[in-house]
Amino acid sequence: MTITQPTPQVAPEAAWNRITGLHRNLDRLARHLLKRSAGTDVSLPPPDFTQPQTAFFFATIWMRAWYSEAWAASSRWLYEQAAAMGHTPPEKDFADTMRRLRAFLVHHMDPSVSESEETERICNEWFERACG
């Protein structure tokens, strides 16, 4: 007789909860400063965390879309305002890291092209820091 245990919360889902918290905080900051919401909706559905093997892949694609679609017009201004108010804005390299991780996961990296080589190097360093 086999007893099944409930599936524990996976790390990507916990990270997703932190990300959506960041989204809410950015929206609150924008509402406070602009008296309206600054972000827009994302064209992709949220990632599915029932399959941990693909959760990081889809969360990365969603995050890149969230940043480039929803916050591209407002992000620089919001970072400046957050810093002016004494808040620590998210990592300055966030947008570039998300762009490169998405490219690394979705596109073919050609090591003969310097941009691809740089993207691969940065992503490998990020994976090393994040995952050991």
Side-chain angles (χ1 to χ4, degrees):
M1 177 175 177
T2 304
I3 299 173
T4 59
Q5 299 293 324
T7 306
Q9 184 179 23
V10 294
E13 190 169 5
W16 179 256
N17 290 336
R18 287 193 311 270
I19 289 165
T20 54
L22 173 64
H23 181 271
R24 283 190 304 274
N25 289 340
L26 282 171
D27 192 54
R28 280 189 208 117
L29 177 63
R31 286 175 205 253
H32 178 74
L33 296 171
L34 302 175
K35 307 299 184 219
R36 65 179 172 83
S37 180
T40 59
D41 292 332
V42 177
S43 62
L44 301 172
D48 176 8
F49 291 102
T50 59
Q51 300 298 320
Q53 297 84 352
T54 58
F56 176 77
F57 178 82
F58 289 112
T60 301
I61 293 170
W62 190 93
M63 283 296 301
R64 175 63 183 152
W66 172 71
Y67 193 80
S68 64
E69 292 175 11
W71 290 99
S74 303
S75 61
R76 178 177 292 153
W77 186 84
L78 285 170
Y79 285 157
E80 291 169 0
Q81 296 305 309
M85 294 177 67
H87 295 284
T88 303
E91 180 181 330
K92 293 274 188 201
D93 298 335
F94 176 75
D96 186 58
T97 300
M98 292 311 301
R99 178 182 66 83
R100 289 182 188 272
L101 283 170
R102 183 192 174 281
F104 183 81
L105 294 170
V106 175
H107 299 289
H108 172 72
M109 296 286 104
D110 182 354
S112 67
V113 177
S114 63
E115 176 71 15
S116 289
E117 183 180 30
E118 180 74 359
T119 292
E120 190 169 349
R121 182 188 63 75
I122 288 171
C123 288
N124 285 330
E125 288 173 359
W126 185 89
F127 282 121
E128 183 65 32
R129 283 191 315 274
C131 309

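In the hydrophobic clustering of ILVMFWY residues, with side-chain heavy atoms under 4.5 Å counting as a link, I122 and M109 come out apart.
Shown here are the side-chain hydrogen bond (donor to acceptor under 3.5 Å, both in side chains) partners of N124, two or more places apart in sequence or in another chain: there are none. When the salt bridge (Lys or Arg N to Asp or Glu O under 4.0 Å) test is applied to R102, no partner is found at least two apart in sequence or on another chain. In this structure E128 satisfies the side chain to side chain contact (heavy atoms under 4.5 Å, CB included) test with no other residue, sequence neighbours excluded.
Using a cut-off of 4.0 Å between Lys/Arg side-chain N and Asp/Glu carboxylate O, E117 and R121 are scored as not salt-bridged.
The side chain to side chain contact (heavy atoms under 4.5 Å, CB included) test with V106 singles out one residue from T60, I61, L101, and that residue is I61.
To the nearest 0.5 Å, atom CZ of residue R100 and atom CD of residue E115 are 4.5 Å apart.
Residues F104 and W126 form no side-chain contact, since every pair of their non-hydrogen atoms from C-beta on lies 4.5 Å or further apart.
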